[in-house]
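Here's the structure, in structure tokens; my notes come after.
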Amino acid sequence: MIELWGEAVRSIEPKVKPAQRDLWLRPIECVSMRDGEIRLRAPNRYHKEWFEDHFLPSILEDLRVRANQAFTVQFEIQDEMTNERTPLPLVEAKSTPTAPRNLDSRYTFDKFVVGPTNQFAHAAAHMVADAPASKWNPLFIYGGVGLGKTHLLHAVGHEIWRQHPDWKITLVTCERFVTDFIGAIRQGGMNLMDIFRARYREEPDVLLIDDIQFLSNKDSTQDEFFHTFNALHQAHKQIVLTCDKLPGELSGLEERLRSRFTWGLIGEISQPDLETRVAILKRKAELDGVPLTDEVALYMASQVKSNVRELEGALLRLAARASVDGREITRQFAEEALQKFLPSAPPSLSVEAIQREVAGYFDIKLGDLKGPKRHRAVSHPRMVAMYLARQLTSMSYPEIGSRFGGKDHSTVISAVRKIERVMKEDAALRSVVHTIEDRLRNT
Ligand code: ADP
Ligand code: MG
């Protein structure tokens, strides 16, 4: 029976681009097929959704004809089965508005390289983790993109959990807080709001919220967060927030929240100096088992300056290229390889070029990419295009919005954040984005 699945998949393969086939289609595994039910295994939830939207209907149709029978489909999600990255007993998923937010096992204190530009934030985070809510509450970690805010936030969570395994540590992105809150309002009637409040105000011993700038201009959520903050603060529960701006620079934020953000300690992270960049590279290389000489590390660190995430990205691509080409990572090899994707290399790209490339990659119409349609087949490529426009051009969020048929800047911001977030967890999406980027840079 199970062979039928393979046959149906092969029947649609000729219609799928090879890159998409390898990325999205091949990793889906058929576990069983009986009594009209198919069990499939997907690497993660995101992959499952993509597969359902793009391939599943045609495959099911083919199967129906082949077997003269209709099938239902159940998914197993690999990530959620093995779940190595779940050290924490966080909020339960299932039928509640808050999915579990797991601490990322990569982001611990021992993997964080300390240098002059993050020393204070690191020390503050450690202090708070060692003695939660005793003195500095909230801890407000502030710094630009890709400089280690999220890493420190998770590190605080890991460390508190290590010292207090029975504590409830709740770590969420601010975006998640907002969506949960809106979800609770929308559903109304039910007791979802009670559940929401219990989860955020009563249950946590520690509340860690990433990217709090996302609260800007969201009045009713700000109001809710204000009360969440007060409830926890009064109960002597530690709160840690990260933000890409200082409280004083946050626009669209209620004054009473702004002042609360400054009650505790503000730890700033700024761009690492050359030595720290070298140290970070060497540490990452060691963790990932990439052979990296001092010379190459120094060369890379001198070329990639803007932020740690890019530095890490450069290392990963270099390692990938070396393993594909079967070559040693020498200085010369690094120079050749990095030239292709160093930030300084590309002339500034136009949003139009990005849109064309993305539309081509996903095989959708340019007009749809810029248009109002909301179904996933166009909304996902659109988010990717917005993300790339933000990364590869110097345009502001409102400018990018206007190039996508006059969308609001908040739409662009949430698209960019969503892609950023999913990319962290999803190798397939990272690879899609890098492929498109590389194409853009080579045209
Ligand atoms: P932010 O939240 O500030 O945008 P992240 O915490 O996501 O940045 O950091 C981006 C990447 O850089 C992560 O993979 C993180 O582990 C790494 N990173 C940042 N700073 C450091 C550091 N000091 N030591 C080791 N890795 C770091
Ligand atoms: Mg972050």
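Both counts, for ligands and for their atoms, begin at 1 and track the order of listing. Counting begins at 1 with the first residue of the sequence.
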Distance filter under 4.0 Å to [X] heavy atoms, resulting ligand 1 atoms:
| X | answer |
| --- | --- |
| Val113 | 22 (C), 23 (N), 24 (N), 25 (C) |
| Gly144 | 3 (O) |
| Lys111 | 24 (N), 25 (C) |
| Lys149 | 1 (P), 2 (O), 3 (O), 4 (O), 6 (O), 8 (O) |
| Val308 | 12 (O), 17 (C), 18 (N), 19 (C), 20 (N), 21 (C), 27 (C) |

Using heavy atoms and a threshold below 4.0 Å, how should the contact between [X] and ligand 1 be classified: side chain, backbone, both, or neither?
| X | result |
| --- | --- |
| Asn118 | side chain |
| Arg283 | neither |
| Glu312 | side chain |

With a 4.0 Å cut-off, would you call [X] and [Y] a salt bridge?
| X | Y | result |
| --- | --- | --- |
| Glu175 | Arg421 | yes |
| Asp211 | Arg176 | no |
| Glu286 | Lys282 | no |

_N, O or S atom of Thr150 closer to the Mg ion (ligand 2) than 2.8 Å_ = yes
*Test item, Gly143 contacting ligand 1 (heavy atom, 4.0 angstrom)*: no
*Examine Tyr200 together with Phe229 and report whether their ring centres are nearer than 6.0 Å.*
no
Can you check whether [Y]'s main-chain N or O pairs, donor with acceptor, with [X]'s side chain at less than 3.5 Å?
| X | Y | result |
| --- | --- | --- |
| Arg430 | Lys424 | yes |
| Glu268 | Tyr142 | no |
| Arg260 | Phe226 | no |

_Any N/O pair Ile280/ligand 1 closer than 3.5 Å_ = no
